[in-house]
Q: 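Take this structure, written in structure tokens, and hold onto it; I'll ask about it next.
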Amino acid sequence: MITQAEITLPAFKRGYHLISELIKAKLPALPETGIVHLFIKHTSAGITVNENADPTVRDDFEMVFNKMVSENLPDYKHKSEGSDDMPAHIKASIIGNSVSIPISNYKLNVGIWQGIYLCEFRNRGGSRNLVVTIYS
Amino acid sequence: MITQAEITLPAFKRGYHLISELIKAKLPALPETGIVHLFIKHTSAGITVNENADPTVRDDFEMVFNKMVSENLPDYKHKSEGSDDMPAHIKASIIGNSVSIPISNYKLNVGIWQGIYLCEFRNRGGSRNLVVTIYS
Amino acid sequence: MITQAEITLPAFKRGYHLISELIKAKLPALPETGIVHLFIKHTSAGITVNENADPTVRDDFEMVFNKMVSENLPDYKHKSEGSDDMPAHIKASIIGNSVSIPISNYKLNVGIWQGIYLCEFRNRGGSRNLVVTIYS
């Protein structure tokens with residue numbers, strides 16, 4: 001069985017944001033066993049699963065990815081949308097634009113330290129849309 | 001319900017290539033709601049979803065990933081298949097070797113700017129095989 | 001149809017480890033056609049598909065990712081769990097914490113050179129738990 005919904009997230013500032021509770025509040029009732037697939041319909045934001053307890057982990061993500069994908073490479077060709085745009089595309093494909101999470105016993109079966117991150121790579125990305133597909 | 005097919009892509013030159021239309025032309029009829037999973041059966045090419053409008057975005061992908069994963073690190077041990085081989089393996093695991101895309105209303109439900117990229121990391125990678133699995 | 005199981009992997013040392021045979025030995029009987037989804041319930045280890053033949057490829061993964069995500073950036077804020085911890089979180093989101101592999105003709109339908117890697121990013125990560133979900 002497949003159920004599907006679209007979720008619009010509020011605008012987040014550039015950075016990495018824990019959205020587990022926000023997502024859970026918008027999910028339909030979960031099946032006993034299955035998978036939830038979250039797909040972000042954008043090319044300058046990403047979604048991943050990572051540490052849910054210490055907010056400085058998300059700060060360090062922002063710092064490390066900014067070093068890894070510089071905004072100031074002289075060789076960039078795609079510059080018309082701002083210096084944060086092309087690095088945002090690169091980061092989106094490094095982090096990925098979907099996650100698939102198992103459902104067990106009617107709940108997301110993640111590790112105790114795992115949470116869902118929205119990764120907002122643009123300075124002003126605005127609200128973001130996700131497609132949620134649950135299969136069981 | 002699950003349907004599956006294998007697709008052989010033509011050889012692409014090293015770089016990032018928009019293959020959305022090529023893939024759509026080879027997909028069977030899509031269900032009303034579901035997921036399509038594309039899996040590339042190679043360890044030196046990848047598949048991702050990113051910007052579909054400006055070809056210079058794909059040029060910048062090539063440039064940035066070549067800086068990020070250098071071909072000339074003196075510490076490489078796996079060198080027998082050429083200087084582009086080991087970096088290709090690394091890039092394949094950074095980008096990923098599969099994508100899962102929601103199907104809604106009988107179509108791929110991607111954002112307006114999203115397209116499917118074949119990421120060819122070898123200088124001469126040859127044709128590449130994908131397994132397409134559609135579940136609904 | 002969905003079937004699910006949890007697998008506990010033995011502790012591996014820091015690095016990249018081929019676990020294809022170990023995983024296959026723990027999978028239930030596979031359906032004729034489907035997908036197997038492997039999800040690691042940790043934020044400092046990852047799972048990917050890459051080259052299965054030459055062990056030096058895995059050594060080079062360790063070397064390159066250590067250069068890409070340094071342990072010694074002065075700007076890290078999340079340092080209380082050791083210098084290998086924050087880089088481990090970053091690497092986990094670069095590599096990813098799940099893989100989805102097609103099943104065809106009752107077997108994992110991977111390329112001839114593809115194997116499943118456990119990526120252990122901690123110096124002493126201990127045993128790791130995976131959720132395996134098979135749908136058909």
Side-chain angles (χ1 to χ4, degrees), chain A residues 1-2 16 18 30-38 46-69 90-105 107-119 133-136, chain C residues 1-8 34-48 64-65 67-81 83 85-101 121-122 125 128-136:
Chain A
M1 221 188 94
I2 295 238
Y16 296 72
L18 193 61
L30 297 181
E32 184 171 3
T33 307
I35 298 259
V36 59
H37 177 252
L38 303 173
I47 185 161
T48 191
V49 169
N50 218 294
E51 209 264 1
N52 63 11
D54 179 355
T56 67
V57 171
R58 276 100 77 190
D59 295 341
D60 286 347
F61 263 81
E62 178 68 14
M63 181 271 292
V64 171
F65 275 91
N66 288 343
K67 283 189 195 293
M68 196 180 301
V69 188
I90 301 279
K91 291 169 182 173
S93 281
I94 295 175
I95 287 285
N97 74 337
S98 75
V99 293
S100 293
I101 299 173
I103 301 164
S104 309
N105 201 21
K107 288 182 293 194
L108 298 186
N109 188 359
V110 295
I112 190 169
W113 302 110
Q114 289 183 311
I116 303 167
Y117 283 19
L118 172 71
C119 312
T133 306
I134 297 170
Y135 38 100
S136 60
Chain C
M1 220 188 95
I2 297 238
T3 58
Q4 205 173 59
E6 290 211 27
I7 292 177
T8 299
I35 298 261
V36 58
H37 177 252
L38 303 174
F39 181 92
I40 192 163
K41 296 177 73 172
H42 303 272
T43 62
S44 56
I47 185 163
T48 192
V64 171
F65 274 91
K67 283 190 195 294
M68 197 179 302
V69 188
S70 170
E71 295 197 5
N72 302 307
L73 297 176
D75 293 344
Y76 281 129
K77 295 179 182 176
H78 179 79
K79 292 184 285 198
S80 57
E81 296 173 58
S83 64
D85 186 61
M86 190 59 226
H89 293 313
I90 301 278
K91 292 169 182 173
S93 281
I94 293 175
I95 287 284
N97 74 336
S98 74
V99 293
S100 293
I101 299 174
F121 303 126
R122 295 303 307 269
R128 300 296 197 173
N129 296 308
L130 298 177
V131 184
V132 181
T133 307
I134 297 171
Y135 38 100
S136 60

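In what follows, every chain begins at residue 1, and chains take the letters A, B, ... in the order their sequences are listed.
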Q: So what's closer than 4.5 Å to chain A heavy atoms on C:I95: side chain, backbone, both or neither?
A: neither

Q: Roughly how far, to the nearest 0.5 Å, is the CG atom of A:D59 from the OH atom of C:Y76?
A: 13.0 Å

Q: Relative to chain C, which segment of A:D54 carries a heavy atom at a distance below 4.5 Å: side chain, backbone, both, or neither?
A: side chain

Q: Name the member of A:T48, A:V57, A:V49 that forms the most heavy-atom pairs with chain C at distances under 4.5 Å.
A: A:V57

Q: Looking at OG1 of C:T43 and CG of A:N50, how far apart are the two atoms once the value is rounded to the nearest 0.5 Å?
A: 5.5 Å

Q: Is there a side-chain contact between A:Q114 and C:N97 (heavy atoms, below 4.5 Å)?
A: yes

Q: Should C:K77 and A:D60 count as an ion pair when the cut-off is N to O under 4.0 Å?
A: no

Q: Find out whether A:V64 and C:M86 are in side-chain contact, i.e. whether some heavy atom of one side chain is under 4.5 Å from a heavy atom of the other.
A: no

Q: Out of A:P102, A:C119, A:S136, return the one with the most heavy atom pairs under 4.5 angstrom to chain C.
A: A:P102

Q: If you count heavy-atom pairs under 4.5 Å with chain C, which of A:I112, A:T56, A:V110 comes out on top?
A: A:T56

Q: Let me know if A:I103 has heavy atoms under 4.5 Å from chain C in its side chain, its backbone, both or neither.
A: backbone

Q: Taking side chain as everything from C-beta outward and backbone as N, CA, C, O, which of these in A:K67 sits under 4.5 Å from a heavy atom of chain C? Side chain, backbone, both or neither.
A: side chain

Q: Checking C:V69 against chain A: side chain, backbone, both or neither under 4.5 Å from a heavy atom?
A: side chain

Q: For A:Y117, which atoms come within 4.5 Å of any heavy atom of chain C: side chain, backbone, both, or neither?
A: neither

Q: Using only atom types and a distance under 3.5 Å, with no angle test, would you say the side chain of C:H37 pairs donor to acceptor with the backbone of A:S100?
A: yes

Q: Hey, are C:Q4 and A:N109 close enough side-chain-wise for a donor-acceptor pair under 3.5 Å?
A: no

Q: Heavy-atom pairs under 4.5 Å with chain A - which of C:I94, C:T3, C:V132 has more of them than the others?
A: C:I94

Q: Give, for atom CH2 of A:W113 and atom NZ of C:K41, the distance between the pair rounded to the nearest 0.5 Å.
A: 14.0 Å

